[in-house]
Amino acid sequence: MQIAIIGTGNVGSAIARGLKGRGHQVTLGVRDVARPDLLALAGEVCARLLDPAQAAQTAEIVVLALPWDKAEVAVKALGDLSGKIVIDCMNPLAMIDGALSLAMGHTTSGAEQVQSWLPGARVVKTLNQVGAEIMQDNVSLPHRPAQFMAGDDEAAKAAVAILLRDLGFEPFDAGALKRARLLEPLAMVWINQALLRGKGRNWALAAVSPAT
Ligand SMILES: NC(=O)c1ccc[n+]([C@@H]2O[C@H](COP(=O)([O-])OP(=O)(O)OC[C@H]3O[C@@H](n4cnc5c(N)ncnc54)[C@H](OP(=O)(O)O)[C@@H]3O)[C@@H](O)[C@H]2O)c1
């Protein structure tokens, strides 16, 4: 698949590395295509560099891996993404009363906000629930890590499930896009354990069932 990754920080670079060698054509959407570290990343993962809007326009799947406070302006600048699958990895984080928190949740979600910025796009919320390291490489884990998806377009979720398997995850369909209201708090569960409770970053939730 033709995949554009918009944002090449922790998450964007991890996904690019995780997808290397999986048969996809990856374009990194970056603001400075001449930056040496981005040229090195592109060489490492066999991707090309384009500005974010060009990258998004040439892709079938657009991965959004941007800081939430920059997202609205940056996403709207990508142009009309009607018909394209858009993976929203972002968590709408904010400092509230001195604590890292979700800026929304009961009546909307970050993913629903993204959908409102990109009418016509097929938005799928996923890859927001674990740290970037697990997205890049999880082969050493004893169980495949679970990764939930929420979206209104069934065909889009089926395509995203293929990508999630390529990244080593067991995908689970959480339902409609508004179920992102469940998945964004799930990220906070991971963040709480990883960063505040001392568990560290190299772990993920997995689903285990009785043998059949
Ligand atoms: N870090 C994690 O483990 C993790 C896990 C799950 C979900 N998330 C979520 O994923 C998102 C990205 O997190 P991150 O840790 O990868 O952030 P990050 O390391 O700070 O990377 C952010 C990226 O966004 C780019 N960017 C910023 N403003 C932009 C703009 N206006 N146009 C285009 N690109 C822009 C930055 O480019 P420049 O280099 O040019 O500044 C950088 O490549 C966040 O919403 C976060 O909540 C993070």
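In listed order, ligands and their atoms are each counted from 1.
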Side chain, backbone, both or neither: which applies to A132 and ligand 1 if a contact is any heavy-atom pair less than 4.0 Å apart? both
Would you find a donor on one side and an acceptor on the other, under 3.5 Å apart, between the side chain of N128 and the backbone of A187? no
Just to be sure I read this right, does ligand 1 sit under 4.0 Å from the backbone of N128, its side chain, both, or neither, counting only heavy atoms? backbone
Can you tell me which residue and heavy atom of the protein come closest to atom 6 (C) of ligand 1, and the distance to 0.1 Å? V130 O, 3.3 Å
Using a plain distance cutoff, I'd like to know if Q129 has any nitrogen or oxygen under 3.5 Å from a nitrogen or oxygen of ligand 1. no
Please check: side-chain N/O of E184 versus main-chain N/O of G110, any donor-acceptor pairing under 3.5 Å? yes
Quick check: does any side chain N or O of R22 sit under 3.5 Å from a backbone N or O of D166, one acting as donor and the other as acceptor? yes
Region of E184 that comes within reach of ligand 1 [heavy atoms, distance under 4.0 Å]: neither
What part of R31, side chain, backbone, both or neither, has a heavy atom within less than 4.0 angstrom of ligand 1? side chain
Between K76 and W117 (side chain of the first, backbone of the second, donor and acceptor by atom type, cut-off under 3.5 Å), is there such a pair? no
I need the single residue from I3, T8, I6 that forms a side-chain contact (heavy atoms from CB on, under 4.5 Å) with L28. Which is it? T8
Is a side-chain N or O of R181 found less than 3.5 angstrom from the main chain of T107, in a donor-acceptor match? yes
Keeping the roles fixed (side chain from D97, backbone from A99), state whether a donor-acceptor pair exists under 3.5 Å. no
What protein heavy atom lies closest to atom 43 (O) of ligand 1? Include the residue and the distance to one decimal. T8 N, 2.8 Å
Could you say whether the N/O atoms of R201 and ligand 1 ever approach to under 3.5 Å? yes
Is there a donor-acceptor contact under 3.5 Å from the side chain of N138 to the main chain of L141? no
of all protein heavy atoms, closest to atom 13 (O) of ligand 1 is V11 CG2, 4.0 Å
Which residue and heavy atom of the protein sit nearest atom 9 (C) of ligand 1, plus the separation: C89 O, 3.4 Å
Under 3.5 Å: donor-acceptor pair, side chain of E60, backbone of I85: no
Counting each atom of ligand 1 from 1 as listed, which ones have a heavy atom of M135 under 4.0 Å away? 5 (C), 6 (C)
State whether the shortest distance between N or O atoms of G9 and N or O atoms of ligand 1 falls below 3.5 angstrom. yes
Kindly confirm or rule out an N or O of L127 lying under 3.5 angstrom from an N or O of ligand 1. no
Candidate pair L163 and I87, rule side-chain contact (heavy atoms from CB on, under 4.5 Å), full reasoning: CA-CA 10 Å; L163 275 194; I87 296 178; 3.9 Å; yes
Considering only protein heavy atoms, which is closest to atom 39 (O) of ligand 1, and at what distance to one decimal place? R35 NH1, 3.0 Å
Within the 4.0 Å heavy-atom shell around P67, which atoms of ligand 1 are there? 22 (C), 24 (O), 27 (C)
Which one holds for D32 and ligand 1: side chain close, backbone close, both close, or neither close, with close meaning a heavy atom under 4.0 Å? neither
Taking atom types as modelled and ignoring hydrogens, do the side chains of Q113 and T108 form a donor-acceptor contact shorter than 3.5 angstrom? yes
Using heavy-atom distances only, which candidate in I5, N10, L38, D51 approaches atom 14 (P) of ligand 1 most closely? N10
For atom 35 (C) of ligand 1, closest protein heavy-atom neighbour: L66 CD2, 3.3 Å
Taking all heavy atoms of G12 and all of A65, pick out the closest pair and write down the distance. N-CB, 3.8 Å
Applying side-chain contact (heavy atoms from CB on, under 4.5 Å), run through L164 and M149 and close with a yes or a no. CA-CA 10 Å; L164 291 178; M149 309 176 284; 3.6 Å; yes
Quick check: does I6 get an N/O under 3.5 Å from an N/O on ligand 1? no
Mind checking whether E133 contacts ligand 1 via backbone (N, CA, C, O), side chain (CB onward), both or neither, at a 4.0 Å heavy-atom cut-off? neither
Counting both backbone and side chain atoms, is some N or O of A74 under 3.5 Å from an N or O of ligand 1? no
Are any of the side-chain nitrogens in K20 or E44 under 4.0 Å away from the carboxylate oxygens of its partner? no
Quick note on ligand 1: atoms under 4.0 Å from a heavy atom of G131 include exactly 3 (O)
In the protein, which heavy atom is nearest to atom 47 (O) of ligand 1, and how far is it? N91 N, 3.4 Å
Would you say ligand 1 has an N or O under 3.5 Å from any N or O of K70? no
